[in-house]
Amino acid sequence: MRIPRNYSSALLSGRNRTGGSYSLLQSALSRTSRGRRLSSRNAQVLSGLRQKNNIFNNAVLGTADQQKLYYNMKYHAQQVCEYGDKLADESKTSLFAKAKESGSNAEIVANIKGLVSQYNSMLGNLRESGTRTDNNYLSQLNSITGMNSSELASCGVTRKMDGTLEVDDKKLAATDLTTLEKVWGGKSGFAGRAALWADSVETTAERSMDAQASSSYSKLFNDYGSRGNYFNFFG
């Protein structure tokens, strides 16, 4: 097939709108090549964005879960301390002193039930954490309840296999004031000893929250840095 001379000339050489000459064939090839390069660049950018967003989301979600765990641990330990300190108080305005005057142990019973509830939640947090330090706290607390299991049972509080405590409301309410004070009162009673360990748990949980936040965000930005800036794809 014979190609007209004017068509072949136009294909090989032409003029643009500003008067500059160019090759139509070269222009077409250039556009195709440039399109492929831009498409490749865009794909790299999108892939990089997805990767970095996944890194960010995983880091943030992981940090949030850990922070929630330590926050709960700190809260429950703090509550154990508060209930324990009230029961261990030996002043003239203590729960036991007021109960002797009023003849009612209702406030003491309420504080024991509150301590047991928070104590069980604290144990659950320690078990979920699973760190060496928190496992040590679990061991110490289980040792305390184990050594005091018979005394606790005399007040209607039973130690379960997992170390948590279960309250028999009727038996606890019916326990005489002398027995309650012997088991739960004073610094050497169960409440005072539980509060002492809970104070350490609270301090450790707070430190863990700070350490976890610092470590996670440091890792996040290091990961971003190791993979380059989003716009380095255009470098």
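Since the structure is predicted, the reported quantities are computational estimates derived from the model, not experimental observations.
Nearest heavy-atom pair across A97 and S91 is CB-O, 3.9 Å. Taking all atoms of both residues into account, the shortest heavy-atom contact from T175 to S154 is OG1-O, 3.9 Å. When all heavy atoms are compared, the tightest approach of M73 to L126 is SD-CD2, 3.8 Å. In plain terms, the two heavy atoms of G192 and A88 that are nearest each other are CA-CB, 3.9 Å.
Of the residues listed (Q78, K113, H76, E82), the one engaging Q118 in a side-chain hydrogen bond (donor to acceptor under 3.5 Å, both in side chains) is H76, and it is the only one. Under the side-chain contact (heavy atoms from CB on, under 4.5 Å) test applied with T164, the options N142, T158, N120 reduce to a single match, N120.
Going from atom CD of E206 over to atom NZ of K74 covers 3.5 Å, rounded to the nearest 0.5 Å. Atom CD of E128 is separated from atom CD of Q66 by 8.0 Å, given to the nearest 0.5 angstrom. Between E101 atom CD and T93 atom OG1 the span is 10.0 Å, to the nearest 0.5 Å. Note that CE of M147 is 11.0 Å distant from CG of L152, once rounded to the nearest 0.5 Å. For the atom pair CZ (R193) and OG1 (T145), the distance works out to 10.0 Å, reported to the nearest 0.5 Å. Residue F96 holds its CZ atom at 10.5 Å from CD of E107, rounded to the nearest 0.5 Å.
Between E181 and K100 there is a salt bridge, since a side-chain N of the basic residue sits under 4.0 Å from a carboxylate O of the acidic one.
With N136 contributing its side chain and R132 its backbone, the two residues share no donor-acceptor pair below 3.5 Å.
When hydrophobic clusters are built by joining Ile, Leu, Val, Met, Phe, Trp and Tyr residues whose side-chain heavy atoms come closer than 4.5 Å, directly or via intermediates, V183 is grouped together with L115. Linking ILVMFWY residues whenever their side-chain heavy atoms come closer than 4.5 Å, directly or via other members, leaves Y75 and L141 in distinct clusters.
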- For side chain to side chain contact (heavy atoms under 4.5 Å, CB included), just list the numbers for R127 and D162, CA-CA rounded to whole Å, side-chain angles, deciding distance to a tenth of an Å, and then say yes or no. CA-CA 10 Å; R127 193 174 294 109; D162 62 357; 4.2 Å; yes
- Run the numbers on W184 and I112 for side chain to side chain contact (heavy atoms under 4.5 Å, CB included), then give the verdict. CA-CA 8 Å; W184 296 90; I112 290 174; 3.5 Å; yes
- Message: Please determine whether side chain to side chain contact (heavy atoms under 4.5 Å, CB included) holds for the pair S129 and L69, giving the CA-CA distance in whole Å, both sets of side-chain angles, and the decisive distance to 0.1 Å.
- Response: CA-CA 7 Å; S129 169; L69 170 61; 4.0 Å; yes
Would you be so kind as to tabulate the donor-acceptor pairs closer than 3.5 Å made by side chains of residues 195-204, with sequence neighbours excluded?
from : atom 1 : to   : atom 2 : distance (Å)
T203 : OG1    : D199 : O      : 3.1
T204 : OG1    : Y137 : OH     : 2.7
T204 : OG1    : S200 : O      : 3.0

Throw together a table of side-chain donor-acceptor distances under 3.5 angstrom for residues 165-173, partners on residues two or more places apart or in other chains.
from : atom 1 : to   : atom 2 : distance (Å)
D168 : OD1    : K170 : N      : 3.3
D168 : OD1    : K171 : N      : 3.2
K171 : NZ     : A153 : O      : 3.2

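Partners of D176 according to the side-chain hydrogen bond (donor to acceptor under 3.5 Å, both in side chains) rule, which considers only residues two or more places apart in sequence or in another chain, are T179.
S102 and S104 share no donor-acceptor pair across their side chains, judged by distance under 3.5 Å alone. No donor-acceptor contact under 3.5 angstrom links the side chains of D89 and S94, judged on distance only. For the 3.5 Å distance criterion, the side chains of D134 and T131 qualify, holding a donor opposite an acceptor. Checking S149 against R159 by side-chain atom types alone, no donor-acceptor pair falls below 3.5 Å.
Within the 4.5 Å cutoff, the side chain of N111 has no heavy atoms near those of the I108 side chain.
Within a 6.0 Å radius of CZ in R207, other residues, nucleotides and ligands contribute 12 heavy atoms or fewer.
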